[in-house]
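It should be emphasised that the depicted structure is a prediction, and the values quoted were computed from it without experimental measurement.
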Amino acid sequence: HCCSLFLAAGGRAFCLMKKMEFTTVVVPVVDTAAAESADDVRGDAAALAVVLPVAAATTVAAATTVAATTVAANLATALVVSAAAVAANVSEVTTDTTQVHKDLGGEESIGAQHFETVQQQHCQHHSAYSRGALESEMARTTIGSDKAKCIDLLDELITELSTLSDRSSGISPGFDCIGNELPWKQIGAFPQYETLDSVNATRGVIPLPSPESALELFEQIKSAWQKRLDYETCDNDEERESYCSCIGRWGQNQNVMKLICNQVLEQRMSREASNCLRTQPAIARMWNETYSHDTCPHAETMDCLYIDSSIRLLTTDTYLNAYIQAALAATSTIDISICYLFYTDPQAKYILLDLLPYVAARGVKVRVLFELATLESQVLQMPLDSSSFEREDPLFLPEGSPAYVRGAKKFRSATDLVREFFNLTSGTNIEARYWFARDKACGYRVKNHGKCHIFDGNSKYGKVVAGGSNVAPRPGSLDTDFVIQGQVAGMYSAHFDSMWTAMTPDVGINLAGSISDNEEKKECEDEQLHIACTNGHWESVIEPDVIAGHEAKILFLPSTPCSSGEDVILRCVLGAINSASESIYMCMGHFNVPEVVSQAFKQATGRGVKVSIISNSLHCCDLRTGQLDLMRSLKRMLTVAPDVQLYVAAEKNGKVPPFLHSKYLVVDSKWACAGSWNMWLRSSFYEAEQEIFVQSEPFASDLEEKFTRESEQFCIPVKTADECNQFLPKGCAICEGFGPFFDV
């Protein structure tokens with residue numbers, strides 16, 4: 001009754017479950033990050049190549065079919081081949097983090113001896129969530145949108161930051177982790193990563209980078225702003241054309257200085273990872289060779305790993321209703337993974353400040369895992385956000401929902417929202433932690449980009465709301481979100497448990513502690529909130545049911561990116577592309593086309609497969625940081641595979657398109673994948689993702705209809721490589737490519 005299998009991929013072992021009954025076979029893990037030499041890794045991979053198929057066969061014996069055993073063994077073998085290929089390349093990776101740090105010109109952050117001092121300074125009562133010196137300075141400063149004054153005001157901020165000696169806000173090393181001397185520890189479940197206890201050791205503290213790190217960032221912002229002001233003083237179009245579109249091409253009604261600030265921050269977050277890859281001249285060739293055709297399993301070879309569940313595609317109109325319905329029906333646990341937190345989104349604020357506390361008051365255990373890097377970046381934007389509160393769209397709740405009260409409050413930053421969340425939830429059944437990890441081999445920071453909301457994950461009736469949205473869909477963008485019901489929720493839950501446990505500190509206390517024995521739960525307010533409550537179980541009165549969906553077979557796969565570049569999601573996506581016989585539809589919110597994918601598209605179109613792709617452009621994408629890689633790779637794709645039908649979101653009939661944040665792929669109108677995964681190199685090396693693979697013709701049909709509708713409404717066809725030039729940036733510090741993969 002089970003088909004559980006520990007698959008080794010780039011040093012990470014994860015469990016694929018066929019049923020909720022667990023039968024575990026312990027398999028050695030190829031730990032490329034910890035290997036002392038390439039020879040050691042090759043030896044481990046060779047040993048694993050023998051052990052893993054045997055373990056797989058033993059594990060699936062209960063399936064009583066030769067086919068199931070063969071499928072599992074084939075998949076295991078394919079991934080072992082991948083691990084061996086990675087091992088062959090690991091000699092190119094610099095494992096001496098101190099030397100890498102020196103090569104990249106970094107500076108050491110807080111010393112190890114500072115850890116105890118910081119911890120003592122912040123061990124305070126859980127209701128006192130005070131700001132550190134850095135955040136106080138950010139909150140005090142208002143730069144606004146007056147372009148004539150912004151450079152002078154930024155200079156004043158830089159001067160103030162240069163005088164700050166209080167490093168108490170610097171519990172986090174910030175975006176500079178290479179060469180950092182804090183007491184890093186290896187994570188058992190993720191042997192390719194290391195973490196810091198100091199990040200999660202103290203309740204009520206939002207760790208921020210040191211003032212020195214912030215100072216460097218604002219110097220970069222100043223440089224970009226000065227270029228923008230120079231652009232605006234150009235006398236003619238010829239002079240303006242000499243500037244990169246990251247500086248010059250913005251909408252007339254946009255806060256350009258704030259947007260440029262955001263671009264610099266995004267580039268800053270991933271810079272160490274990118275620079276680490278640039279120290280390896282042959283990385284692009286080696287990485288593409290790793291994803292050869294015979295190491296990417298076809299979709300049908302993984303049939304035995306799929307689990308019967310139901311799935312429904314959500315829209316911006318049905319998302320919140322489905323979320324509320326799932327939350328009110330939860331009886332045991334709610335687990336949430338968040339990458340970006342947008343403090344002006346009414347739905348996100350309602351969920352965090354009204355809905356979750358209401359559910360937790362009835363005994364449901366809630367755990368929230370925040371990505372720390374994005375919170376750090378958002379607090380550094382406070383001087384740009386503080387001139388006035390942004391207009392927020394009204395929120396309409398279905399009848400029977402908890403009231404929209406605390407979420408209606410307006411905040412100046414994401415950290416203010418998190419602090420309000422901590423104040424509200426202290427002493428309740430809600431806990432919170434930060435994800436903070438770095439690559440063990442190279443030392444750069446790894447971001448958790450996965451987004452999911454798991455309701456009663458260990459129940460056979462568990463539910464998951466997931467996809468591209470973080471807490472909820474953002475106004476002004478189009479996403480692909482879904483709700484799943486069934487035992488596949490257990491796969492999400494198992495992965496969340498491993499991430500949560502990885503962030504458990506060996507010292508100190510949790511950020512938002514669960515309710516203690518001497519504290520009372522918050523009282524139930526059934527009459528006011530129209531919820532039926534009986535002995536801890538209640539049923540939503542929301543109608544109609546927006547969770548019930550199509551019956552499907554679903555496989556959940558998480559990725560654990562590191563300097564080896566192993567991406568199990570990409571491997572399975574390539575396998576599906578290679579097996580396509582009729583059609584491929586793909587939309588990616590953030591995108592670049594690796595050479596190995598371009599070649600797969602060439603082979604597919606050569607077989608007569610219709611390949612259609614939607615891509616964003618500078619007209620609508622919220623990030624300019626990937627645009628240079630995107631357009632260079634699309635030009636290459638159309639050169640290699642000219643029969644691919646490419647649609648680019650762009651101005652159409654005088655209207656600017658919304659940001660198409662969707663990430664999905666449909667093959668032969670019967671197989672699809674969706675989730676947080678973007679097809680770009682950051683997903684292989686830097687951003688951890690969560691993806692589902694779905695066998696369901698109705699779900700595939702829903703996605704194809706979405707593709708057709710949005711390609712017709714918001715996109716223009718781009719038929720040749722030269723036509724991509726209209727979107728191609730000239731290149732600047734903002735859009736510098738991630739690693740050397742698409743350098744010209």
Side-chain angles (χ1 to χ4, degrees), residues 97-98 100-111 114 132-141 143 150-182 196 199 206-228 246-247 257-276 278-279 372-385 413 415 436 438 442-445 447 624-625 686 732-736 738:
T97 56
T98 302
V100 172
H101 172 65
K102 292 178 180 178
D103 291 342
L104 301 182
E107 296 180 0
E108 293 181 355
S109 204
I110 313 164
H114 183 63
L134 176 65
E135 189 176 359
S136 296
E137 187 61 39
M138 295 296 99
R140 186 189 68 81
T141 305
I143 294 177
C150 67
I151 295 294
D152 292 338
L153 292 171
L154 188 56
D155 276 333
E156 293 178 12
L157 174 60
I158 290 172
T159 300
E160 291 296 326
L161 289 175
S162 65
T163 63
L164 285 181
S165 59
D166 176 17
R167 302 172 66 111
S168 62
S169 61
I171 296 177
S172 163
F175 312 128
D176 297 314
C177 291
I178 293 178
N180 180 269
E181 293 184 351
L182 278 171
L196 288 172
V199 170
I206 299 175
L208 296 173
S210 66
E212 291 89 340
S213 179
L215 181 63
E216 179 187 356
L217 172 69
F218 281 105
E219 290 284 5
Q220 295 170 358
I221 292 173
K222 177 183 176 182
S223 175
W225 279 3
Q226 188 61 62
K227 287 184 174 64
R228 172 65 188 189
C246 300
I247 299 297
M257 307 308 260
K258 176 181 175 181
L259 291 170
I260 289 178
C261 173
N262 184 55
Q263 309 309 311
V264 174
L265 273 164
E266 281 291 335
Q267 186 67 270
R268 182 72 176 84
M269 280 194 286
S270 62
R271 189 184 69 185
E272 272 200 338
S274 176
N275 287 349
C276 183
R278 289 185 178 278
T279 64
L372 182 56
T374 56
L375 285 179
E376 293 176 62
S377 71
Q378 287 175 310
V379 77
L380 294 174
Q381 293 187 67
M382 286 177 67
L384 271 297
D385 294 338
S413 71
T415 52
F436 186 94
R438 74 172 182 179
C442 285
Y444 63 76
R445 192 162 173 176
K447 183 166 73 173
R624 299 291 181 91
T625 53
Y686 167 65
C732 66
I734 288 176
C735 62
E736 180 185 57
F738 182 79

Next on the checklist: Testing the basics here: between Cys261 and Gln381, what is the closest heavy-atom pair and its distance to 0.1 Å?
Outcome noted: SG-CG, 4.1 Å
Checklist outcome for this item: Distance col, row Ile247:CD1 vs Cys735:SG, nearest 0.5 angstrom, shows 9.0 Å
Next on the checklist: I need the Leu196 CG to Cys177 SG distance, nearest 0.5 Å.
Outcome noted: 7.0 Å
Item to check | side-chain contact (heavy atoms from CB on, under 4.5 Å) against Glu160, all qualifying residues, sequence neighbours excluded | outcome: Glu137, Arg140, Thr163
Next on the checklist: Do Leu265 and Leu380 make a side-chain contact, defined as non-hydrogen atoms from C-beta onward lying under 4.5 Å apart?
Outcome noted: yes
Next on the checklist: Let's go through Leu372 and Val199 carefully: what are the C-alpha distance in whole Å and the side-chain angles of both, what is the deciding distance for side-chain contact (heavy atoms from CB on, under 4.5 Å) to 0.1 Å, and is it a yes or a no?
Outcome noted: CA-CA 9 Å; Leu372 182 56; Val199 170; 3.6 Å; yes
Checklist entry - Residues two or more places apart in sequence or in another chain: which of them pass salt bridge (Lys or Arg N to Asp or Glu O under 4.0 Å) with Lys447? => result Glu687
Checklist entry - How far does OG1 of Thr625 sit from CD of Gln267, to the nearest 0.5 angstrom? => result 6.0 Å
Item to check | Closest contact, heavy atoms only, Pro173 versus Phe436 | outcome: CD-CZ, 3.3 Å
Next on the checklist: Quick one, Ile260 and Lys227 - any side-chain contact, counting heavy atoms below 4.5 Å?
Outcome noted: no
Checklist entry - Does the side chain of Tyr686 reach to within under 4.5 Å of the side chain of Cys276, using non-hydrogen atoms? => result no
Item to check | Which residues share a salt bridge (Lys or Arg N to Asp or Glu O under 4.0 Å) with Arg445, sequence neighbours left out | outcome: Glu376
Item to check | Exam field: side chain Ser377 to backbone Thr374, donor-acceptor pair closer than 3.5 Å | outcome: yes
Item to check | Results of side-chain contact (heavy atoms from CB on, under 4.5 Å) for Lys222 - residues two or more places apart only | outcome: Ile151, Leu154, Asp155, Ile158, Glu219
Checklist entry - Which value, rounded to the nearest 0.5 Å, describes the distance between Arg228 atom CZ and Ser223 atom OG? => result 15.0 Å
Checklist entry - Which atom names give the shortest non-hydrogen contact between Ala224 and Val264, and what distance separates them? => result CB-CG2, 4.0 Å
Item to check | Nearest-0.5 Å distance, CZ of residue Phe738 to CZ of residue Arg278 | outcome: 9.5 Å
Item to check | Thr415: side-chain hydrogen bond (donor to acceptor under 3.5 Å, both in side chains) partners, not counting sequence neighbours | outcome: Glu135, Ser413
Checklist entry - Does the side chain of Ser162 reach to within under 4.5 Å of the side chain of Phe218, using non-hydrogen atoms? => result no
Checklist entry - Less than 4.5 Å apart, any side-chain heavy atom of Leu161 and any of Leu157? => result yes
Checklist entry - Which distance, rounded to the nearest 0.5 Å, do you find between the CD of Gln263 and the CD1 of Ile734? => result 6.5 Å
Next on the checklist: Could you work out, with salt bridge (Lys or Arg N to Asp or Glu O under 4.0 Å) as the rule, every residue matching Arg268, not counting sequence neighbours?
Outcome noted: Asp176, Glu216
